[in-house]
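Read the structure below first, then the notes.
A quick note: this is a predicted structure, and the numbers were derived from the prediction, not measured. These values consider heavy atoms only, across backbone and side chains, with no hydrogens, waters or symmetry-generated copies. Along the sequence shown, residues are numbered consecutively beginning with 1.
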Amino acid sequence: MKKYSGRIFQWGKKNIVILMYVLSAVFIEMVSVLAVENNPAITHPFIELGILGFIACLIGLVRKNKTRLGICIVLLLIQTILDLGFVIVYDMTGQYFDYGMLSLRNDAMGILESIPMNFTAFYAALFFCIVFIVFGLRAVRRNAVLEVNVKNRIISAGAGLIFLACSFFAVANNNSSTVDKYSKMINNSQGSNYTSMGIIGNVVNEFAKGIVYTDTQYMSSDKIDEFLYESVTEKSPKFGVSSDNNVIVMLVETFEWFSFIKSEEYPNGLDLTEDQIKYLFPNLTQFYDESVVMTNFHSREKTDISETLSILGSYPTDAYVDYDFEYNTLPQTVPNLMRTLMDKNIQTRSFHNGFKSFYNREKTHKIFGFESLTDSYDMYDMADKMLAEGKLKETSMHDYLSKGERNLDSEMIETCKDVMFPADKRFYTYITTITMHGIYYERDNLKAHMEKLRSVYTPKGTEEEAILMNYVSTVMEFDKALGVMMKDLEKKGLLDNTTIIMFGDHNCYYQQLSNYVKDIEDYDTKNYYTDLYKVPLMIYDKNLEHQKIDKFTCTADMVPTILDLLGIRTYENMYYGNSVFNSRESVLYSRAYGIFVGDGIVCRSLNNLLYVSDMVSEEYQKQFRTEAEELIDEIRYCDQVFYQDYFGDKKNYETFIENMKKIQR
């Protein structure tokens, strides 16, 4: 025994640089996971340990200790940069890396901004790198050149292959049930991606899943048809009340209740009186007072997914509609159904106060059924043309984007109002705003709003309050845009026959403003978890009296609600949500964040609860599980619709149109 222990000691002494590298790499990974998960433990580290073992064995083939040290330093620095990058992505968005994000890489680079970040993980990783270098240099001085004979190289290479095989086996094991990923939505008991596999392990696993372990087993058309056309939606009490109306849907970027509502839910909101709120937000206040207000509406998605859900009503797993299905046929969207079932001559146009290339909108909005998408470049041309024709004394649309600021929503509405809201034809208009998009700093084009805010509110001088005030000034700008729209509709005599749906695409996660105002300290806290994602949804319609609906609702409910108001019956299994005017509550499944959300419940899988409020009854928990299981079935089949481009088949398309017309009779 003494003989073998002596050999092991001598081997360790000679390979101290490699051993220290492995240890340092493990510590760096654990510190990075700690920064995201508040816990350094990695429960299934086999992918990463296998890779580390393989690298260590490769380095063991090198004779010069100095060369070994150099390789290890480079590898540790690369790991530190990569880990920091994924920590920053999570810090900014709350998302774990998945393979589909590669499609969004250009968009992601377009929105990276200078925001306050926690560099604790980076400094800790740098500390381990420095310690490694110091001790590594000492080891190099003691043993400059090591004996690496043929036998040692064979052993090292063989061990490396074993480690690599272990890593491959771990990846294969993680993805062995990829085809039945829907079962994981019910039974998966593992923690988050980083807690389970570590950051680098998750990255390797996602690349393997995206490249090798793809879901290629398609269902038959008969099986899909049987499920999709299984049941028809029930008519709500408000069914068809807006059947003759125009429709305006407004996705209001980063819209939060606390911007213009005073409530105990927002303890760190601005201390404004009701009169001051009405003074600062006259149009939003009036819109709220005259609308159907969903007080318990939640969104837990990024803008592109929220936008798609509000037009299409479903979303695929492990893919992005904007990039992976840009040529699909989607007859089930709101604009396509309105044209097919109500008025083939209806104008369907979308408007975005940014660039149409962002999230590939210029392609996907066509398959959604929009005849055109108007972006900022188009708006600049429209304003220039009106100026040249003498219709304007000065331009109505300034290019603030090129100056590093956001364009103004009021200028978008002012410039495009005659195209957005034509008086001579029926229209479905979709508007995506931009002014309220973070980060929140004082902007030159919002000075007038900030001065108005300061005229009624005296700042206390904290950094968090300054961020909030800058955010509030952007909402004041949207209030101005809303006023321009409502006045134009009223002037044209369109207000009485137009339904306006206004919603927030997600909570204000920028600079963790939502956490601050709602007094939720930690991004993944267990306190008031679901309240973090509660944002506005309001429906204005002269045929609907002002009321508040308190049941749990989510972004997936928007399409069923719009179709319900228009008097269009649909097939329940094609959409993830329910009409807000029905008694049935939905369950939110977040494609971006991989969680299920209910009223006071959050879970990673149905058997892996993250949070259950003390106010949630056992009866509701059972109801939540039942609804979630039905939703998972819908996701399973809707995935097939996307991945197969199911309605791209002429027979399937014609069957859908025929069935839709049949259930309207």
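Residue Val580 comes nearest to Leu537 through the heavy atom pair CG1-CD2, 4.5 Å, listed as atom of the first residue, atom of the second, then distance.
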Worksheet entry | side chain to side chain contact (heavy atoms under 4.5 Å, CB included) between Ile539 and Met294, intermediate numbers included | CA-CA 8 Å; Ile539 301 174; Met294 268 50 69; 3.9 Å; yes
Item to complete: Please test Leu401 against Ile434 for side chain to side chain contact (heavy atoms under 4.5 Å, CB included), starting from the C-alpha separation and ending with a verdict.
Response: CA-CA 10 Å; Leu401 291 176; Ile434 200 172; 4.3 Å; yes
Worksheet entry | Worked check of side chain to side chain contact (heavy atoms under 4.5 Å, CB included) between Met420 and Thr374 | CA-CA 10 Å; Met420 287 177 169; Thr374 303; over 6 Å; no
Worksheet item: Which is it for Glu256 and Lys534 under the salt bridge (charged side-chain N to carboxylate O under 4.0 Å, His left out) test, yes or no, and what are the steps along the way?
Response: CA-CA 8 Å; Glu256 288 265 20; Lys534 189 185 294 185; over 6 Å; no
Worksheet entry | Glu371 vs Arg339, salt bridge (charged side-chain N to carboxylate O under 4.0 Å, His left out): CA-CA, chis, key distance, verdict | CA-CA 11 Å; Glu371 57 196 70; Arg339 279 183 157 180; 2.8 Å; yes
Discussion item. I'd like to know whether Lys235 forms a salt bridge (charged side-chain N to carboxylate O under 4.0 Å, His left out) with Asp564, so could you lay out the CA-CA distance, the side-chain angles of the two residues, the decisive distance to 0.1 Å, and finally the verdict.
Written reply: CA-CA 7 Å; Lys235 296 180 180 180; Asp564 184 38; over 6 Å; no
Item to complete: Check the pair Ser314, Tyr575 against side chain to side chain contact (heavy atoms under 4.5 Å, CB included), reporting the backbone distance first and the verdict last.
Response: CA-CA 5 Å; Ser314 60; Tyr575 305 100; 5.7 Å; no
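Atom CD of Gln547 sits in a crowded spot, with more than 12 heavy atoms from other residues, nucleotides or ligands closer than 6.0 Å. Atom CD of Gln623 has more than 12 neighbouring heavy atoms from other residues, nucleotides or ligands inside a 6.0 Å radius. When the shell of 6.0 Å around NZ of Lys278 is examined, it contains 12 or fewer heavy atoms from other residues, nucleotides or ligands. Taking a 6.0 Å sphere around CD of Glu545, one finds it holds 12 or fewer heavy atoms contributed by other residues, nucleotides or ligands. Summarising the local packing, CD of Gln664 is surrounded by more than 12 heavy atoms from other residues, nucleotides or ligands at distances under 6.0 Å. Around CG of Asp633, the count of heavy atoms belonging to other residues, nucleotides or ligands within 6.0 Å exceeds 12. For Glu226, the CD atom sits in a loose shell: 12 or fewer heavy atoms of surrounding residues, nucleotides or ligands are nearer than 6.0 Å. Counting non-hydrogen atoms of neighbouring residues, nucleotides and ligands closer than 6.0 angstrom, the NZ atom of Lys366 reaches no more than 12 such neighbours.
Side-chain contact check for Asn246 versus Tyr428: every heavy-atom pair is 4.5 Å or farther apart. In this structure, Val641 and Gln332 have side chains that are in contact, with non-hydrogen atoms separated by less than 4.5 Å. Leu270 places a side-chain heavy atom less than 4.5 Å from the side chain of Leu453. In this structure, the side chains of Ile311 and Tyr430 come closer than 4.5 Å at one or more pairs of heavy atoms. Contact of the Pro282 side chain with the Asp479 side chain is registered, since non-hydrogen atoms from C-beta on lie closer than 4.5 Å. Residues Ile663 and Tyr229 fail the side-chain proximity criterion, which asks for heavy atoms closer than 4.5 Å. Side-chain atoms of Ile595 and Val597, non-hydrogen and from C-beta on, do get closer than 4.5 Å to each other. Using a 4.5 Å heavy-atom cutoff, the side chains of Phe647 and Asn328 are not in contact.
Note: Phe642 and Phe325 have tilted aromatic rings, judged against thresholds of 30 and 60 degrees for the angle between ring planes. Between Phe255 and Phe260, the ring planes are parallel. Angles under 30° get that label, and only those over 60° would be called perpendicular. Ring orientation note: the planes of Phe368 and Phe370 are nearly perpendicular, at an angle over 60° on the 30°/60° scale. Aromatic ring orientation, Phe421 versus Phe427: tilted (interplanar angle from 30° to 60°). Classified by interplanar angle (parallel below 30°, tilted 30° to 60°, perpendicular above 60°), the ring pair Tyr471/Tyr440 is perpendicular.
Looking only at distances, no side-chain donor or acceptor of Asp505 sits under 3.5 Å from a matching main-chain atom of Glu301. The main-chain N or O of Asp488 is never found under 3.5 Å from a side-chain atom of Lys417 such that the two would form a donor-acceptor pair. Side chain of Asp557 to main chain of Cys554: a donor-acceptor pair is present (N/O by atom type, distance under 3.5 Å, no hydrogens or angles). Side-chain N or O atoms of Asp541 include none that pairs as donor or acceptor with a backbone N or O of Thr499 at under 3.5 Å. Side-chain atoms of Glu326 never come within 3.5 Å of backbone atoms of Lys363 as a donor-acceptor pair (strictly under, hydrogens ignored). Not one N or O on the side chain of Asn582 forms a donor-acceptor pair closer than 3.5 Å with the backbone of Arg584. Here the side chain of Asn353 pairs no donor or acceptor atom with the backbone of Thr433 at under 3.5 angstrom. Listed for the Arg426 side chain is no donor-acceptor partner under 3.5 Å among the backbone atoms of Met342. Although no hydrogens or angles enter the test, the distance criterion places a donor-acceptor pair under 3.5 Å between the side chain of Asn407 and the main chain of Tyr400. Side-chain atoms of Lys452 come within 3.5 Å of backbone N or O of Tyr279 as a donor-acceptor pair.
In summary, the aromatic rings of Tyr377 and Phe355 are positioned with their centroids under 6.0 Å apart.
Using modelled atom types, one finds a donor on one side chain and an acceptor on the other under 3.5 Å when comparing Ser299 with Ser306. Side-chain contact annotation: Tyr359 with Lys302, donor-acceptor N/O pair under 3.5 Å absent. A side-chain donor-acceptor contact under 3.5 Å links His365 and Glu307.
Remark: of the listed residues Tyr540, Tyr288, Phe478, Phe478 is the sole one forming a side chain to side chain contact (heavy atoms under 4.5 Å, CB included) with Met502. Exactly one of Phe503, Phe552, Trp257, Tyr589 qualifies for a ring-ring contact (aromatic ring centres under 6.0 Å, His included) with His298. That residue is Phe552. Checked against Thr415 for a side-chain hydrogen bond (donor to acceptor under 3.5 Å, both in side chains), the options Ser410, Ser376, Ser396 give a single hit: Ser396. Results of the salt bridge (charged side-chain N to carboxylate O under 4.0 Å, His left out) test with Asp378 over Lys356, Arg349, Lys385 single out Lys356 as the only residue that passes.
Residues passing the side chain to side chain donor-acceptor pair (under 3.5 Å) test with Thr570: none are found, sequence neighbours excluded. Scanning for ring pair (Phe, Tyr, Trp, His ring centres under 6.0 Å) contacts around Phe581 gives an empty result, with sequence neighbours left out.
Ion pairing of Asp418 with Lys492 is present here, as a side-chain N (NZ or NE/NH1/NH2) and a carboxylate O approach within less than 4.0 Å.
Note that Arg300 lies in the cation-pi zone of Tyr593, set by a 6.0 Å cut-off to the ring centre and a 45° limit from the axis. A cation-pi arrangement is found for Arg591 relative to Tyr320, the charged atom lying closer than 6.0 Å to the ring centre and inside a 45° cone about the ring normal.
A distance of 12.5 Å separates CD of Glu230 from CG of Asp225, quoted to the nearest 0.5 Å.
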